[in-house]
Amino acid sequence: MSKGETYLLFCLEGEPFSVPVQRVEEVLEYEEPTCIPRSPEYLLGIVNVRGRLIPILDLRRRFGLPPGEITVNSRFVVLNLDWEGEAVPLGLLVDTVEGVIDFEEDLITAPPTLGKNRGDNSFLRGTARHNDSIYMVLEVDRILPGDTLHRDFATVSGGTQ
Amino acid sequence: MSIHADPLETFREEAKEQLVVLEESLLALEEDPADQEMIAAAFRSLHTIKGSGGMFDLGSLVHFAHVVESVFDLMRNGTLHVESRIISLGLQARDHLLALLEHGDDPELQSEGALLEQAFLAYLPEKGDGAASPAAGQSAEAQSERTWRILFRPKPILFRHGANPLLLIREMEELGTILVLGFSDGIPELSSIDPTECYLAWEVLLTTTADEQAIRDVFMFVEDDADLEISLVDEVADSDLPYKRLGEILLERGDITAEALEQSVNERAFLGQTLVEKGFVSSERVHAALEEQRYVRSMRESRQTAESSNAIRVGTDKLSSLVNLVGEFVSMHANVVFTAQQKDDRDFIAVGEQMDRLIRELRDLSIEMHMVPVSGLFNGYRRLVRDLASNLGKEVRLITEGSETELDKNVIDLLKDPLMHIVRNSVDHGIETPEIRTGAGKSPTGTLKLAASYAGAHVVIRVSDDGAGMNVERIRAKAIERGVLSAESDRSEEEILQYIFAPGFSTAEQTTAVSGRGVGMDVVQRNIEQLGGSVRIASRTGEGSTVTIRIPLTLAIVEGLLARVDRNWYLVNLSYIEECLDFDTMDHENRRGYASYRGGIVPFVDMRRYFRIKGTAEKNGGQQLIVVSVDDKRVGLVVDEIQDTYQSVIKSLGRIYEKVEGISGAIMLGNGTPALVLDVDRLVRLAAREKGHE
């Protein structure tokens with residue numbers, strides 16, 4: 001076996017996703033975040049993790065999936081993002097966390113190019129095949145691009161008032 | 001975290017402080033070239049850098065500092081006059097030293113250093129081969145203090161040769177600290193006294209950096225008429241040992257013999273007393289030896305106090321951690337009190353209350369330790385103003401006021417850049433050239449004033465100039481052109497001036513290399529708001545402008561009122577609050593957002609509406625109106641409920657929530673859930689702007 005990397009597996013809407021385990025700080029049980037008004041709706045607010053504030057992103061809404069229900073399996077996957085040159089923590093709300101798995105680097109294939117109007121999939125690094133299953137591998141630093149976030153904040157703040 | 005700081009790092013830090021002093025002294029000298037104290041201060045800074053640099057094998061830095069120092073030494077002793085070229089060179093040398101400290105000895109710096117060095121060497125008189133090398137100079141200067149015992153026993157004929165022992169003693173006094181003991185045991189019976197003869201002897205203890213030869217020189221003219229014994233009694237090197245015992249001192253001075261000591265030490269009584277009783281030595285001699293003992297001890301003590309003094313240096317990172325830990329502790333305490341109340345444990349609650357007092361003291365103390373005067377910040381701009389003014393052909397005098405006002409060190413660090421921008425703008429766009437000023441009937445020299453003062457839990461910093469002032473019409477035109485202001489708007493001049501803080505707003509007709517293209521002021525405002533502060537500008541055409549910055553004293557811990565809006569708790573900083581009123585019983589007009597208040601009206605912000613919360617407040621709960629004020633503008637905030645006051649550390653929401661409006665941070669409640677801190681400043685400004693439209 002050549003060099004492989006370990007990935008954390010989780011599910012959204014029954015679909016398997018993965019992120020490099022190196023970028024994962026910890027996995028937390030769900031607790032209700034303190035919501036922050038006047039923010040994009042995919043940002044759920046903040047939680048206090050041992051005195052540190054972690055912003056929470058609803059990955060379903062970010063990916064345009066229908067909102068899910070909070071269950072006993074709901075988890076926050078806390079990632080360490082390289083966000084516009086700064087290390088920033090971000091918790092992803094996911095349906096379930098499945099465990100870890102090793103992927104061979106060369107088994108990850110680039111994501112399909114979508115049609116022009118099919119939206120942006122730059123947050124996807126590719127897909128990995130393992131035991132006849134296909135896993136989506138996320139490009140961690142592209143999950144929440146700064147320009148997208150700033151635009152969405154501007155949209156929320158504009159309008160009324 | 002390492003406990004032992006890297007000595008080289010400590011040296012760098014201290015050397016940088018010395019460079020700040022150097023720069024300040026040079027700038028002061030520029031204003032008053034005759035200021036001897038400033039010449040001496042500049043010399044001392046250079047000397048200190050050279051001295052401590054020598055300990056770290058920083059050859060080129062030491063060498064360079066030595067050359068510059070030599071020139072300042074000439075000015076110090078009056079051989080060389082202070083002239084503006086030397087001051088300019090001095091400032092360049094300061095920059096070069098800083099570069100050497102920061103980048104070490106890279107080749108580019110070497111050539112630059114060599115040029116500067118030549119310029120300085122030109123001021124020094126030619127020297128032969130024996131030119132003082134920095135190392136040699138240093139060893140002589142770094143000679144530490146030693147204590148000498150000088151026995152001066154004049155021969156009776158001393159007076160006849162016109163010598164005066166008092167003058168000799170005074171001369172020794174000039175060498176250092178002295179203790180003089182006189183011996184009268186040589187005085188004969190009254191009947192046989194010859195008033196022209198000298199019967200007295202003296203012992204002098206002298207603590208000095210001078211060497212033996214220098215002491216001997218004092219007695220140069222009386223050497224033949226007196227017995228002189230000079231011996232070293234105490235050196236710094238052995239100052240950790242207890243000083244000699246009485247017997248040893250007497251023996252060393254030849255006052256008693258070893259046998260006499262031997263015979264007396266075994267007796268139980270005090271040695272001195274025994275020796276005197278046995279007639280081995282006069283009481284005067286014992287007294288002198290005891291004096292010597294006491295003197296050396298006190299010299300050692302004062303040396304140690306000088307070394308340790310009553311202040312200690314602590315790295316600011318450690319102080320910051322302390323402040324943060326205390327902050328965490330405050331939050332943790334809230335958690336304890338919360339738990340105690342939940343369990344309804346009276347003892348526990350009582351302990352919690354006692355802790356509360358201690359924690360408040362601890363909090364105040366740790367914040368106080370982290371406060372520094374703004375003088376350092378203010379003086380840091382002197383050079384900038386000087387260089388800028390001379391580049392622009394302007395004459396600008398910088399004056400400061402209230403520079404003893406203290407602020408959290410973190411706040412000061414974060415204020416450095418925004419304030420620099422404002423200062424630059426004032427010199428560049430505000431103050432006119434001497435010709436224009438004279439034409440307008442003003443003094444050719446413009447004045448830029450930096451003033452700081454306390455205002456409750458805030459510090460107000462004002463940057464004012466007596467320049468041309470802002471052109472309101474031009475700002476209005478620009479705002480209309482950019483579509484941020486409608487042409488029909490009848491905003492006050494003051495409101496219009498604030499548009500200079502809008503992004504990409506600059507009215508300077510020509511952009512200059514100094515102030516750039518108007519990318520500054522919006523960044524300035526943003527930075528200051530991130531500190532929880534605000535910035536305003538006032539201006540009068542032809543008379544000048546004033547930028548007023550208001551910032552909290554500390555970022556660490558705030559005290560505020562907890563208010564609920566829907567399901568969230570929010571903290572409203574106490575320093576803004578005027579009063580809280582029962583909103584439901586007040587006369588208010590919801591659609592236009594005014595409530596009657598103290599015989600007038602006050603605009604209010606319905607926080608539910610502002611936060612886009614659907615639905616209305618529960619009917620039974622009485623809504624509250626928190627009246628807050630910023631810069632004399634009063635606004636009410638409508639909330640669902642208010643609770644107790646609460647003190648806590650403010651935490652940043654982080655980069656992700658950087659752009660959120662109306663919230664400036666978060667705190668942790670007793671039960672561990674975060675609550676949000678309202679950005680009162682922004683809300684007030686927003687409300688004022690909204691009402692301005694009507």
Side-chain angles (χ1 to χ4, degrees), chain A residues 25 28-58 62 76 78-93 141 143-161, chain B residues 324-325 327-332 334-335 503 564-571 593 605-614 648-679 682-683 685-687 689-690 693:
Chain A
E25 287 190 2
L28 301 167
E29 293 209 352
Y30 177 84
E31 60 175 287
E32 195 188 340
T34 298
C35 82
I36 297 184
R38 299 177 77 101
S39 356
E41 64 168 6
Y42 53 77
L43 287 180
L44 297 179
I46 44 171
V47 291
N48 169 13
V49 181
R50 297 180 298 276
R52 189 162 164 239
L53 295 176
I54 310 283
I56 300 296
L57 177 94
D58 184 344
R62 176 77 187 99
F76 295 141
V78 182
L79 299 177
N80 188 354
L81 301 191
D82 176 1
W83 205 74
E84 296 186 335
E86 211 179 294
V88 166
L90 181 68
L92 307 179
L93 171 64
D141 297 326
I143 291 175
L144 187 58
D147 42 359
T148 307
L149 185 67
H150 292 165
R151 195 192 57 225
D152 293 343
F153 261 114
T155 314
V156 176
S157 296
T160 64
Q161 285 282 352
Chain B
N324 288 336
L325 282 175
E328 297 292 343
F329 193 39
V330 168
S331 302
M332 191 66 78
N335 201 341
R564 186 174 59 81
V565 179
D566 199 33
R567 294 165 60 206
N568 269 3
W569 285 99
Y570 296 87
L571 189 83
V605 180
D606 183 343
M607 295 311 295
R608 279 184 160 265
R609 226 180 85 197
Y610 179 72
F611 284 152
R612 320 269 160 77
I613 289 158
K614 293 175 187 83
S648 179
V649 206
I650 294 195
K651 288 180 184 277
S652 156
L653 291 178
R655 291 290 304 275
I656 302 279
Y657 280 106
E658 198 179 57
K659 299 271 183 198
V660 73
E661 276 184 12
I663 290 157
S664 56
I667 57 160
M668 303 300 175
L669 293 178
N671 61 7
T673 58
L676 305 174
V677 180
L678 285 188
D679 186 348
R682 199 180 186 89
L683 289 169
R685 217 157 346 108
L686 181 98
R689 203 173 294 163
E690 293 288 315
H693 276 307

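These numbers come from a predicted model, not from an experiment. Lettering of chains follows the sequences in order, A, B, ..., and the numbering in each one begins at 1.
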ask   = Within a radius of less than 6.0 Å around OH of A:Tyr30, do more than 12 heavy atoms belonging to other residues, nucleotides or ligands occur?
value = yes
request  = Check whether any side-chain heavy atom of B:Lys651 lies under 4.5 Å from a side-chain heavy atom of A:Arg52, and answer yes or no.
outcome  =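 With C-beta onward as the side chain, the pair stays apart.
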query = Given side chains that start at C-beta, do those of A:Thr34 and B:Trp569 come closer than 4.5 Å, heavy atoms only?
reply = no
What option among [options] has the most heavy-atom pairs under 4.5 Å with chain A?
options                                : value
B:Gly672, B:Gly654, B:Ser652, B:Gly662 : B:Gly672
B:Arg655, B:Lys659, B:Arg567           : B:Arg655
B:Ile613, B:Ile663, B:Ile656           : B:Ile656

inquiry  = Any side-chain to backbone donor/acceptor pair from A:Asn48 onto B:Pro674? Under 3.5 Å, distance only.
reply    =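 No.
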key: B:Tyr657 side-chain N/O to A:Gly45 backbone N/O, donor-acceptor pair under 3.5 Å   = yes
Which bit of [X] is near chain B, if near means a heavy-atom gap under 4.5 Å: side chain, backbone, both or neither?
X       : result
A:Leu43 : both
A:Ile46 : both
A:Glu31 : neither

inquiry  = Can you see whether B:Tyr610 has A:Arg38 sitting over its ring - NZ or CZ less than 6.0 Å from the centre and within 45° of the normal?
reply    =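 Yes, A:Arg38 lies over the aromatic ring of B:Tyr610.
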query = Do you know which two heavy atoms are closest between A:Leu53 and B:Ala666, and how far apart they sit?
reply = CD1-CB, 3.6 Å
task = Just give me the residue among A:Cys35, A:Pro33, A:Pro37 that pairs up with chain B most often, heavy atom to heavy atom, under 4.5 Å.
result = A:Pro37
task = Answer with side chain, backbone, both or neither: which region of B:Leu676 has an atom nearer than 4.5 Å to a non-hydrogen atom of chain A?
result =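 The side chain, not the backbone.
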